[in-house]
Structure formats: structure tokens, C-alpha cells
Amino acid sequence: MRFDWLWRESGRIADLFLWHLGLSVLPVLIGLLLALPLGWIAQRSGLFRSTFLGAAGLLYTIPSLALFVLLPLVLGTKILDPINVVAALTLYALALLVRTVSDGLDSVSPDVLQAASAMGYRALPRFLFVELPLAVPVIAAGLRVAVVSNVSIVSVAALVGTPQLGLLFTQGLQLRFLTPIVAGIVLCVVLAACLDGLVLFVARRLTPWQPKAR
């Protein structure tokens with residue numbers, strides 16, 4: 001490891017880290033907002049549920065590099081535009097979270113739903129104030145997977161020139177220089193661990209009735 005190189009490049013590395021953070025988190029937030037209504041629809045779609053969820057899951061099988069290249073043609077953006085990465089990772093997050101939201105709503109006890117209906121809750125208020133809060137633990141588990149996956153997938157965008165920590169990998173390979181590669185790996189792992197911990201913390205704050213883990 002060349003610590004003198006890390007010191008000289010610390011400003012650039014910090015910029016790449018912030019880009020990586022934004023490109024990892026923003027798509028998950030957008031994906032979650034889209035997955036909540038879609039998961040609700042899927043959970044109530046009866047016979048069409050498996051087809052609906054299967055179609056959503058197919059999005060995750062599309063190679064990320066192919067999406068980064070094809071999306072500029074669809075969106076009319078430039079190949080280096082970060083919007084392409086945000087759009088691609090939003091699709092991946094959506095593919096994971098639609099099933100997670102549906103499974104989370106399934107985990108709510110039918111007795112609770114009957115009690116809420118007996119108290120006068122209609123479909124939308126019951127979803128927002130009864131089902132969704134009780135589904136938080138299951139949704140949070142899927143959200144943790146989506147966040148950590150995005151941190152990893154973002155690195156692939158270095159191949160199309162998008163600024164983030166993946167550029168340290170390509171730089172190290174081109175120069176046959178190990179230091180930026182190790183720095184990129186360590187920062188990606190740290191970022192994934194911090195975001196995973198943040199999701200877990202927020203989920204626990206939103207579900208104070210859940211037993212504390214020892």
C-alpha cells in the first residue's frame with residue numbers, strides 16, 4: 001500500500017465516495033417508493049400475483065452493463081450521464097422490493113386486518129396505518145439486500161466512465177497499481193456496512209414493539 005498516494009488523492013477519493021453514496025442510495029429510495037404501491041397491487045392480484053412478481057423479478061436478470069449502454073438510447077441521455085446509472089439501479093431495486101413489499105404485507109395477521117376493518121379502516125388507510133407499519137421488518141430485510149447490492153453494482157458503471165469508487169479499480173488495473181484497488185474495495189465494504197446498519201437502525205426505530213435483539 002502506498003499511503004503517500006492515498007494522501008495526495010484523498011480529495012478525489014472523497015469525491016468518488018460521495019458519488020458512490022448518492023448513486024447507491026437514490027435508486028433504492030426511488031425503487032422503494034415505486035415498490036410500495038406495486039407490491040400492494042401484487043399482494044391483492046390473486047391468480048396473477050406469481051405472474052406479476054415473476055415479471056418484476058426478470059428485471060434483475062438484465063446485465064447491468066447492458067442497461068448502462070442501452071438506457072441512453074431510451075432516455076435520450078449521454079452515455080456518461082449519471083441518470084443512466086440511477087435509472088438502471090432503480091429498476092434493480094424495484095425488482096427486489098416489489099416481492100419484498102408483497103411478502104411483508106402477507107406477513108400481517110388476518111386477525112389484525114379483520115380488527116382494523118371492524119374499526120372502520122378502509123383499504124388505503126388500513127394499508128398506510130396498519131399493514132405497512134407491521135410489514136416494516138420484512139420490507140427492511142429486503143431493503144438491506146437492495147442497498148448492499150447497489151453498492152456493488154454501482155462499481156460496474158466505471159466501465160462507462162461514471163464517477164464513483166469503481167474508477168479506482170479501473171485506474172489500478174490500467175496502471176498495475178494495487179493501492180487504488182484496495183482502497184476502492186475497503187471503501188465499498190465500509191459504505192455497504194454503514195448503509196446496512198442505517199437501514200437496520202431506522203427499521204428498529206419504526207417498530208418499537210419488536211423484541212430487542214441480544
Side-chain angles (χ1 to χ4, degrees), residues 20-68 70-71 74-75 82-109 112-113 123-157 162 164 188-189 191-207 210:
H20 205 107
L21 172 63
L23 292 173
S24 299
V25 172
L26 183 58
V28 174
L29 295 178
I30 298 173
L32 179 61
L33 290 176
L34 295 174
L36 289 175
L38 291 177
W40 183 64
I41 293 171
Q43 196 258 346
R44 285 161 172 75
S45 59
L47 294 175
F48 297 101
R49 178 182 177 182
S50 59
T51 303
F52 190 92
L53 294 178
L58 283 176
L59 292 174
Y60 206 79
T61 65
I62 304 174
S64 55
L65 185 57
L67 271 183
F68 296 151
L70 292 176
L71 278 176
V74 177
L75 301 176
I83 291 176
N84 302 322
V85 179
V86 172
L89 296 182
T90 297
L91 290 176
Y92 286 137
L94 182 63
L96 287 173
L97 294 176
V98 167
R99 180 177 292 275
T100 296
V101 171
S102 179
D103 290 344
L105 296 176
D106 265 348
S107 70
V108 180
S109 170
V112 173
L113 300 180
L124 184 58
R126 190 181 71 176
F127 168 68
L128 293 175
F129 302 114
V130 179
E131 297 177 68
L132 193 56
L134 292 175
V136 163
V138 176
I139 294 174
L143 198 61
R144 293 170 69 186
V145 174
V147 168
V148 172
S149 297
N150 268 14
V151 172
S152 176
I153 297 173
V154 167
S155 302
V156 180
T162 303
Q164 32 73 31
C188 283
V189 171
L191 178 58
C194 289
L195 292 177
D196 179 71
L198 179 60
V199 173
L200 186 59
F201 172 78
V202 172
R204 287 176 176 171
R205 297 287 292 182
L206 292 176
T207 56
Q210 290 288 319

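Keep in mind that the numbers below use all heavy atoms, side chains included, and drop hydrogens, waters and symmetry copies.
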Donor-acceptor pairs under 3.5 angstrom involving side-chain atoms of residues 193-202: please list them, not counting sequence neighbours.
{"unit_1": "Asp196", "atom_1": "OD1", "unit_2": "Arg144", "atom_2": "NE", "d": "2.7"}
{"unit_1": "Asp196", "atom_1": "OD1", "unit_2": "Arg144", "atom_2": "NH2", "d": "3.4"}
{"unit_1": "Asp196", "atom_1": "OD2", "unit_2": "Arg144", "atom_2": "NH2", "d": "3.0"}

Q.
Between Leu89 and Val154, is the side chain to side chain contact (heavy atoms under 4.5 Å, CB included) condition met? List the steps.
A. CA-CA 8 Å; Leu89 296 182; Val154 167; 3.1 Å; yes
Q: List the atom of Pro133, the atom of Leu128, and the distance in Å for their closest heavy-atom pair.
A: CD-O, 3.4 Å
Q.
Nearest 0.5 Å, please: how far is CG in Leu96 from CG in Leu91?
A. 11.5 Å
**Q.** Heavy-atom side-chain proximity of Asp103 to Ile139 below 4.5 angstrom
**A.** no
Q. side-chain contact (heavy atoms from CB on, under 4.5 Å) with Thr207: which residues, sequence neighbours excluded?
A. Val136, Pro137, Trp209, Gln210
Q: Provide the closest heavy-atom pair for Ala135 versus Ser107 in the form atom of the first, atom of the second, distance.
A: CA-OG, 4.5 Å
(Q) List the residues meeting salt bridge (Lys or Arg N to Asp or Glu O under 4.0 Å) with Arg99, not counting sequence neighbours, and say none if there are none. (A) none
(Q) Testing the basics here: between Ala192 and Val148, what is the closest heavy-atom pair and its distance to 0.1 Å? (A) O-CG2, 4.1 Å
Q.
Please report the interatomic distance CG(Leu132) to CG(Leu206), rounded to the nearest 0.5 Å.
A. 9.5 Å
Q: Output, in order, the C-alpha distance, side-chain angles, deciding distance and verdict of side chain to side chain contact (heavy atoms under 4.5 Å, CB included) for Phe68 and Thr162.
A: CA-CA 10 Å; Phe68 296 151; Thr162 303; over 6 Å; no
Q | side-chain contact (heavy atoms from CB on, under 4.5 Å) against Leu26, all qualifying residues, sequence neighbours excluded | A | Ile30, Val86
Q. Can you find a heavy atom in the side chain of Pro82 that is under 4.5 Å from one in the side chain of Leu23?
A. yes
Q.
Restricting to side-chain contact (heavy atoms from CB on, under 4.5 Å), what partner residues turn up for Leu113, sequence neighbours left out?
A. Val108, Arg126, Glu131
Q: Check Val101 against Gly39 and note the closest heavy-atom contact, atom names and distance.
A: CG1-CA, 3.9 Å
Q.
Between Cys188 and Ser155, does the side chain to side chain contact (heavy atoms under 4.5 Å, CB included) criterion hold? Intermediate values first, please.
A. CA-CA 9 Å; Cys188 283; Ser155 302; 3.9 Å; yes
Q: For Val85 and Ala157, work out which heavy atoms get closest and say how close.
A: CG2-CB, 3.7 Å
**Q.** Approximate separation, where rounding is to 0.5 Å, of Thr90 OG1 and Ile83 CD1
**A.** 11.0 Å
Q.
Please report the interatomic distance CD1(Ile62) to CG(Leu67), rounded to the nearest 0.5 Å.
A. 5.0 Å
Q | Side chain proximity check, Tyr92 to Ser149, heavy atoms < 4.5 angstrom | A | no
Q.
I'd like to check the ring-ring contact (aromatic ring centres under 6.0 Å, His included) partners of Phe127; sequence neighbours left out, ordered by chain and number.
A. Trp40
Q) Under 4.5 Å between any side-chain heavy atoms of Leu29 and Leu33, yes or no? A) no
Q) Can you check side chain to side chain contact (heavy atoms under 4.5 Å, CB included) on Thr100 and Leu143, steps first, answer last? A) CA-CA 8 Å; Thr100 296; Leu143 198 61; over 6 Å; no
Q.
If I compare all heavy atoms of Pro27 with all of Asn150, which pair ends up nearest, and what's the gap?
A. CB-ND2, 3.7 Å
